[in-house]
Participant: 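Sharing a structure, written as structure tokens. Questions coming.
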Amino acid sequence: MQQATAIAHPNIALVKYWGKRDMRLNLPAVGSLSITLDALCTRTQVRFDSALSADRFILDGVDEDAGRVTACLDLLRAAARIDTRARVDSSNDFPTAAGLASSASGFAALVVAADAALGLGLTPHMLSRHARRGSGSAARSIFGGFVEMARGRREDGADAVAQPLLDAGAWPLEVLIAVTEQAAKPLASSAAMAATSESAPYYAAWVRSSRPDLRAARKAVLARDFDALADVSVHSCLKMHALMMSSRPPVLYWNAATVACMRRISALREAGLPVFYTIDAGPQVKAICKSEAHDAVEHALRSIAGVVEVRSSGLGGAARVVEEGA
Ligand code: DP6
């Protein structure tokens, strides 16, 4: 039996990925830039077993549809020239599918574990490419620190991969996650993306304007320019949510506490604290700050009605194997 276990951390996009240029290969319509978190973690064991007739995917103890897992594993099986099915056991130490990027860490851990189980020794570049098939944001969770994901130009997606931009230790920002809802989100991001690209009137402008955002964010990260990164990140976040709201049917992930957090964080920044927010396909708010602002931001978020939990995280490392062998 070939088996291995890997862990991966979720990441949070500062310049957002939203929209696909190819559904089948899961190629993004825009590039993106993210930070990988250290506090949250997905742990995934992959066991190839010739007794299985289909892949099995067990997430936090519950059997789930294995469709996307199989699509990802097929790429690794093809590389290994085998046909053996696998049992995948995965667990998250944070709420699943509630806008905390569980699919990102999940598919990153999956491909890293499967690669080790099969003894393939793929490069991080290839692992990122394969993880993308499971979930676009997963391509970024292969790496730690600040990560940039390319839109790519090729039709086969060979250049739609992530690469590390700056190590976590080189600019140790901190993240506070205000959880405003524990339940799973009503609409998965893939479905919401499809609705947006089909019906949002601003979609072409979103795609067109992402390139300068990416350039500005990359420059800000490399220069450790917090204000410049804050400006472009908030802009990208609000632009993505405005796009979703403009689609038919509309997609609105926020609740009252989401908006209260946004306002409070903006007020803190206006008062001089180095902090800004971002929000993904869910109601949780992520505050990104310099360490000197951490305690004040945490205190402010905890005092907001509707915030059920505040989690702190630093920037984390790459996806990695933690256990190998039969
Ligand atoms: C809002 O990576 O979950 O978090 O490729 O369809 O699996 P699929 O989408 P997914 O989308 C992430 C969207 C986002 C922004 C981001 O992470 O860049």
Side-chain angles (χ1 to χ4, degrees), residues 8-37 40 42 64-65 67-69 71-72 92 94-111 128-143 146-152 157 160-162 165 175 177 184-197 200 206-207 210 213-214 217 232-245 247 251-254 258 277-286 288:
H9 302 290
N11 68 78
I12 293 177
L14 302 182
V15 173
K16 304 296 186 188
Y17 148 51
W18 196 259
K20 301 177 197 273
R21 67 183 170 90
D22 182 303
M23 298 278 271
R24 196 180 62 83
L25 294 176
N26 204 29
L27 302 180
V30 296
S32 54
L33 189 148
S34 63
I35 45 179
T36 302
L37 305 182
L40 314 177
T42 297
E64 301 274 349
D65 177 67
R68 283 218 239 181
V69 166
C72 241
N92 291 324
F94 55 94
T96 298
L100 288 181
S102 59
S103 67
S105 48
F107 285 105
L110 175 74
V111 296
S128 175
R129 186 177 165 185
H130 291 334
R132 188 206 69 232
R133 281 290 280 276
S135 196
S137 52
R140 301 185 307 237
S141 271
I142 295 295
F143 302 102
F146 295 80
V147 180
E148 183 172 342
M149 169 81 190
R151 171 193 185 276
V161 292
L165 196 58
V175 180
I177 301 166
K185 66 192 171 203
L187 185 59
S189 50
S190 289
M193 275 188 209
T196 330
S197 56
W206 159 258
V207 172
S210 75
D213 291 351
L214 202 54
V232 70
S233 300
V234 172
H235 175 63
S236 176
C237 166
L238 292 179
K239 200 163 49 170
M240 177 184 77
H241 284 275
L243 186 74
M244 297 176 187
M245 288 177 212
S247 72
V251 179
L252 178 60
Y253 284 110
W254 304 347
T258 312
Y277 64 79
T278 192
I279 304 156
D280 290 309
Q284 330 300 10
V285 179
K286 291 99 176 190
I288 293 97

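Indexing begins at 1, ligand by ligand and atom by atom, following the structure's order.
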Participant: Check whether the side chains of Thr36 and Asn11 place a donor and an acceptor atom closer than 3.5 Å, and report yes or no.
Facilitator: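 There is no such pair (donor and acceptor under 3.5 Å, judged by atom type) between the side chains of Thr36 and Asn11.
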Participant: Is there a donor in the side chain of Lys16 and an acceptor in the side chain of Thr278, or the other way round, less than 3.5 Å apart?
Facilitator: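 Distance-only check passes for Lys16 and Thr278.
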Participant: Is it true that, when you exclude Met23 itself, more than 12 heavy atoms of the residues, nucleotides or ligands shown sit nearer than 6.0 Å to its CE?
Facilitator: no
Participant: Can you tell which part of Ser135 has a heavy atom less than 4.0 Å from ligand 1: side chain, backbone, both or neither?
Facilitator: both
Participant: Checking contacts here: is it the side chain or the backbone of Lys20 that comes within 4.0 Å of ligand 1, counting heavy atoms only? Could be both or neither.
Facilitator: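 Side chain only.
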Participant: Just jot down the ligand 1 atoms closer than 4.0 angstrom to any heavy atom of Ala13, in number order.
Facilitator: 16 (C), 17 (O), 18 (O)
Participant: Pairing donors with acceptors under 3.5 angstrom, does anything connect the side chains of Arg140 and Ser32?
Facilitator: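 Distance-only check passes for Arg140 and Ser32.
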Participant: Against heavy atoms of Ala281, which atoms of ligand 1 measure under 4.0 Å?
Facilitator: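 This gives 1 (C) as the contact atoms.
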Participant: Side chain or backbone, does Trp18 bring an N or O within less than 3.5 Å of an N or O on ligand 1?
Facilitator: no
Participant: Which of these, Arg140, Lys16, Met23, Met149, has its nearest heavy atom closest to atom 16 (C) of ligand 1?
Facilitator: Arg140
Participant: Tell me whether Gly136 has any N or O atom under 3.5 angstrom from an N or O of ligand 1.
Facilitator: yes
Participant: What are the atoms of ligand 1, with element, lying closer than 4.0 Å to any heavy atom of Arg68?
Facilitator: 7 (O), 8 (P)
Participant: Side chains of Thr196 and Ser247: any donor to acceptor distance under 3.5 Å?
Facilitator: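 The answer is no; no qualifying pair exists.
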Participant: By number and element, which atoms of ligand 1 are closer than 4.0 Å to a non-hydrogen atom of Ser189?
Facilitator: 3 (O), 9 (O), 10 (P), 11 (O)
Participant: List every atom of ligand 1 that sits less than 4.0 Å from any heavy atom of Asn26, numbering the atoms from 1 in the order shown and giving each element.
Facilitator: 5 (O)
Participant: With a heavy-atom distance limit of 4.0 Å, tell me whether Ser137 approaches ligand 1 through its side chain, its backbone, both, or neither.
Facilitator: both
Participant: For Arg21 and Ser197, which I'm curious about, is there any donor-acceptor pair between the side chains at under 3.5 Å?
Facilitator: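 Side-chain D/A pair, Arg21 to Ser197: absent.
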Participant: If you measure every N or O of Asn11 against every N or O of ligand 1, does any of those distances drop under 3.5 Å?
Facilitator: no
Participant: Where is the tightest heavy-atom contact between Cys72 and Val111, given as atom of each residue plus distance?
Facilitator: SG-CG1, 3.9 Å
Participant: Among the heavy atoms of Met240, does any lie under 4.0 Å from an atom of ligand 1?
Facilitator: yes
Participant: Is there side-chain contact between Lys20 and Leu25, with at least one heavy-atom pair below 4.5 Å?
Facilitator: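 A side-chain contact under 4.5 Å is absent here.
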Participant: Within a distance under 4.0 Å of any heavy atom of Ser103, pick out the atoms of ligand 1 and give their elements.
Facilitator: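 That gives atoms 3 (O) of ligand 1.
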Participant: Do Ile35 and Val147 come close enough that some side-chain heavy atom pair is under 4.5 Å?
Facilitator: no
